[in-house]
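All figures in this text were calculated on a predicted structure; none of them were measured in a lab.
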Amino acid sequence: MQYWLIKSEPETYSLEDLKKEKIGRWDGVRNYTARNNLRLMRTGDLCLFYRSVTQPAVVGLCKVVKEHYPDPTSDNPAWVAVDVEFHSALKKEVPLKAIKDNPNLQEMALLKQSRLSVQPVSVAEFDEILNLSEK
DNA sequence: GCCAACGTTGGC
DNA sequence: GCCAACGTTGGC
């Protein structure tokens, strides 16, 4: 069981969109590192849903329900998509600033590699973010 | 809207 | 294989 963080701009695809659809296709990834991470996702893995650009924050959770397959939005079968299912909205959003200010979260890829749109999250980081969302 | 970071492309 | 030019992401 691995944890992940996936980013989306709210105007492109929001947590509310995923909630409505229940199951959404995570496609359009055109970055090799992010693609490699998509390939490593397994059914049942949990993902932090991160809203980028507009009020950047972790806003919810979703679950991988279909492992990687060729991305229908690309002619090149090397690009892949996964399907994720809406799990929950955080009781309280965890803004980027709170992550930056938290000494336990300084090693997150979110801070070190700000442009990576699909990234692994450690158990400790995942727990810490959920903890912050309860406060 | 600006700009830093960083990924990609293409000339050599 | 190097590197300059250019494009994109994403915070502010």
Side-chain angles (χ1 to χ4, degrees):
Chain A
M1 168 81 173
Q2 169 70 56
Y3 296 108
W4 306 94
L5 180 148
I6 56 179
K7 293 185 192 177
S8 184
E9 295 188 38
E11 287 177 16
T12 308
Y13 193 74
S14 68
L15 185 66
E16 288 69 33
D17 293 333
L18 178 60
K19 189 176 183 179
K20 271 181 225 146
E21 289 190 342
K22 294 208 170 66
I23 290 179
R25 188 176 68 216
W26 209 265
D27 59 19
V29 171
R30 296 292 182 271
N31 168 285
Y32 289 106
T33 308
R35 191 277 310 273
N36 292 343
N37 287 332
L38 280 182
R39 282 183 172 164
L40 292 171
M41 284 185 177
R42 293 297 171 257
T43 300
D45 284 356
L46 280 176
C47 307
L48 298 170
F49 193 113
Y50 179 82
R51 180 184 60 216
S52 67
V53 182
T54 311
Q55 298 173 296
V58 177
V59 295
L61 293 177
C62 58
K63 193 167 77 173
V64 178
V65 290
K66 185 176 177 187
E67 292 179 12
H68 68 93
Y69 55 94
D71 184 345
T73 69
S74 171
D75 293 334
N76 183 345
W79 297 120
V80 300
V82 299
D83 287 353
V84 294
E85 179 182 49
F86 177 82
H87 179 278
S88 59
L90 296 185
K91 194 183 294 177
K92 212 185 85 188
E93 295 180 356
V94 179
L96 177 62
K97 186 173 185 312
I99 294 171
K100 282 186 171 171
D101 290 344
N102 187 309
N104 299 323
L105 299 175
Q106 294 305 301
E107 296 303 312
M108 283 192 74
L110 186 67
L111 304 185
K112 303 201 131 186
Q113 237 181 311
S114 62
R115 291 180 52 188
L116 184 59
S117 62
V118 180
Q119 49 184 262
V121 173
S122 76
V123 178
E125 290 161 351
F126 185 86
D127 288 347
E128 182 70 13
I129 287 178
L130 286 199
N131 188 36
L132 292 175
S133 76
E134 296 288 332
K135 285 182 182 166

| task | Check whether any side-chain nitrogen or oxygen of K100(A) sits under 4.0 Å from OP1 or OP2 of dC12(C), and answer yes or no. | result | yes
Starting at [atom1] of [X] and ending at [atom2] of [N], how long is that distance when rounded to a whole Å?
| X | N | atom1 | atom2 | result |
| --- | --- | --- | --- | --- |
| K7(A) | dA5(B) | NZ | C1' | 11 Å |
| I99(A) | dG11(C) | CD1 | P | 10 Å |
| Y32(A) | dT8(C) | OH | P | 16 Å |
| K112(A) | dG11(C) | NZ | C1' | 19 Å |
| Q113(A) | dT8(C) | CD | P | 20 Å |
| N31(A) | dC6(B) | CG | C1' | 10 Å |
| R115(A) | dA4(B) | CZ | P | 14 Å |
| Y13(A) | dT9(C) | OH | C1' | 21 Å |

| said: Within the 4.0 Å heavy-atom criterion, would you say K97(A) contacts the bases, only the backbone, or no part of the nucleic acid? | reply: nothing
| said: Which residues in residues 49-62 of chain A have a heavy atom closer than 4.0 Å to any atom of DNA chain C? | reply: Y50(A), S52(A), V53(A), P56(A)
| Ring center gap for Y69(A) and W79(A) short of 6.0 angstrom | no
[atom2] on [Y] to [atom1] on [X], rounded to 0.5 Å:
| X | Y | atom1 | atom2 | result |
| --- | --- | --- | --- | --- |
| I129(A) | N102(A) | CD1 | CG | 8.5 Å |
| E85(A) | L46(A) | CD | CG | 10.5 Å |
| K7(A) | C47(A) | NZ | SG | 14.0 Å |

| query | Between W26(A) and Y13(A), how do the two ring planes meet: parallel, tilted or perpendicular, split at 30° and 60°? | reply | perpendicular
| Candidate pair R30(A) and D71(A), rule salt bridge (Lys or Arg N to Asp or Glu O under 4.0 Å), full reasoning | CA-CA 10 Å; R30(A) 296 292 182 271; D71(A) 184 345; 3.0 Å; yes
